[in-house]
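Data first, discussion second: the structure below is written as structure tokens.
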Amino acid sequence: MTSTPATPENATPDQNAAAGGAVNELWGGRFSRGPSEIMERINVSIGFDKKLWAQDIAGSKAHAAMLAAQGIITQDDADAILTGLDQVAEEIRDGRFVFKTEHEDIHMNVESRLKELIGEPAGRLHTARSRNDQVATDFKLWVRGALQRLDGDMKALQAALIEQAERHVDTIMPGFTHLQTAQPVTFGHHLLAYVEMLGRDRARARDAIARLNECPLGSAALAGTPYPIDRAATAAALGFDRPTANSLDAVSDRDFALDYLATASICAMHLSRLAEEIVLWCTTQFRFIRLSDAFTSGSSIMPQKKNPDAAELVRAKCGRVIGALSGLLVVMKGLPLAYSKDMQEDKEPVFEADDTLALCLAATTGMIQDMTPDPAAMRRAVEAGFPTATDLADWLVRRLGLPFREAHHVTGRIVRLAEERACGLSDVPLDVMRGVDARITEEVYAVLSLEASVASRTSFGGTAPERVRAAVAAARERFL
Ligand code: ARG
């Protein structure tokens, strides 16, 4: 009988314990053997937190310099540490660094390599800090960078939208409520609505940066440290506004990651709404826009098809971003103070959401630049829906002094007559209109055209082309 070799999948707990590797050199004193293979597998985070390498090295450099300035370690040791950390950074940048799972995470991978490179002084770097304040600092730095990048990507999409909007300040399309034709609007006005949404998303990113910008470093494991550290100095060196005020909060706070994910989720939701409109606009029923071959794909069976796959995927990928937000909220919601290992599960959702959103923003910007609007198709669509009925009612109020409710009623009857005659409102003969209300005059036709309708909506924030032209200029000032 041959025995199956023990793999983590089929091993008994005993076999797993036996399969454990060497004692961890960073805390070996208390331990007589290494972790079981299954323990190592559930515990390691280097596979994903190596993304934090630059932030980890920056944090360690600030910490080492501060320790020397405060006389906690010698300047010689600090110099050796700083040179060694630069060397580690270079190895990682050049792809020469070997990330080891036995060193669990990015913090211990960097420190172990530092020890190999410079020997004894490496052991002094961890004075007056813990991986708990270290990881909170690293991750905050990463999220801050991600929010700044996100802001730039959102700005690029705003620029693309504003450019298309400018070309279509007087292109008339149906404006919808309940997805039923409501009133004519301009395509430029419609696109600028998304510029406003992205403006709020960018403001949320800026708020999140301002809120997260307090440095956890020096909070140590949870309680602070007896060493005479200078937290203001490390905070300033890392571009934070100030040190965090409470050590327990500092090591157990992941609000900044949640702020990132909330901001990202709302932005992804906006992109998903725009993507949904792009999908609709591309249908043979709407035909409001065309996407080029660059942003569509064909069907393997139906030769006539050009599918807006990119838009559909932007619409769908929003789910991942929202999923990341709810996932991390659930991880955090039951944790007692201070740090728990649960919090290691904070990074993957943020990294995944960040990749997803960056891709969605790039694809959306690409589609907005790529699309060719079809003003004739928009006009056909808008003409079919009696979109100037409100204008007729307003005319009855303004010219004939009818109460709005009565004007609404009169207009409703004229719409019904137009429907019966299968014509637009402006094609209903005057005597037919007069049959409904004898006071109506020839003058009414002036307000029934689409152009007159949009041109009349000059209130601030309205769809009149002159307003939209001013809104385009204002959006450039405000956002670009
Ligand atoms: N890899 C850990 C994390 O991401 C670092 C902090 C570990 N701290 C600890 N006490 N085990 O959360």
Side-chain angles (χ1 to χ4, degrees), residues 20-21 23-31 34-36 38-60 62-63 88 92 97 99-115 123 125-146 212 215-225 234 238 244 247-258 260-261 324 327-354:
V23 171
N24 188 305
E25 63 198 50
L26 295 180
W27 58 61
R30 174 86 172 73
F31 287 70
S36 78
I38 202 77
M39 170 58 186
E40 196 169 88
R41 273 208 329 194
I42 194 168
N43 205 33
V44 288
S45 55
I46 188 62
F48 51 86
D49 68 15
K50 61 181 167 205
K51 246 189 150 106
L52 301 177
W53 69 269
Q55 291 74 18
D56 193 68
I57 289 174
S60 288
H63 185 65
V88 175
I92 298 177
F97 190 95
F99 292 100
K100 295 182 178 156
T101 52
E102 64 263 36
H103 294 144
E104 200 180 309
D105 59 22
I106 186 62
H107 324 295
M108 296 201 289
N109 266 272
V110 169
E111 197 183 320
S112 307
R113 179 64 184 141
L114 185 66
K115 189 163 175 222
L125 172 59
H126 214 51
T127 314
R129 76 170 187 191
S130 143
R131 276 190 296 157
N132 297 349
D133 56 339
Q134 196 179 349
V135 72
T137 306
D138 293 1
F139 197 26
K140 268 194 173 181
L141 288 171
W142 192 92
V143 168
R144 190 174 69 189
L212 72 69
C215 185
L217 199 58
S219 300
L222 74 164
T225 172
T234 42
L238 295 169
T244 50
S247 61
L248 292 168
D249 174 53
V251 295
S252 61
D253 163 42
R254 292 297 181 270
D255 291 2
F256 62 91
L258 293 165
Y260 173 86
L261 290 172
L328 186 55
L329 282 168
V330 175
V331 167
M332 295 304 296
K333 76 167 189 58
L335 296 185
L337 298 184
Y339 178 85
S340 295
K341 196 60 172 265
D342 308 52
M343 289 161 68
Q344 180 166 284
E345 293 287 309
D346 59 357
K347 292 166 207 70
E348 284 169 296
V350 172
F351 293 159
E352 142 96 330
D354 189 61

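Ligands are counted one by one from 1 in listed order, and the atoms in each one are counted from 1 as well.
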Ring pair (Phe, Tyr, Trp, His ring centres under 6.0 Å) evaluation trace for Phe351 with Trp142: CA-CA 10 Å; Phe351 293 159; Trp142 192 92; 4.7 Å; yes
Donor on one side chain, acceptor on other, His107 and Asp49, under 3.5 Å: no
CD (Glu345) with more than 12 external heavy atoms under 6.0 Å: no
From Ile92 atom CD1 to Ile57 atom CD1, the distance as rounded to the nearest 0.5 Å: 4.5 Å
Option among Ser219, Ser252, Pro216 that satisfies the side-chain contact (heavy atoms from CB on, under 4.5 Å) test with Ser247: Ser219
First-shell residues of ligand 1 [heavy atom, distance under 4.0 Å]: Ser45, Asp49, Asp105, His107, Arg131, Asn132, Val135, Tyr339, Gln344, Lys347
Axial cation check for Phe48 ring with Lys347, 6.0 Å and 45° limits: no
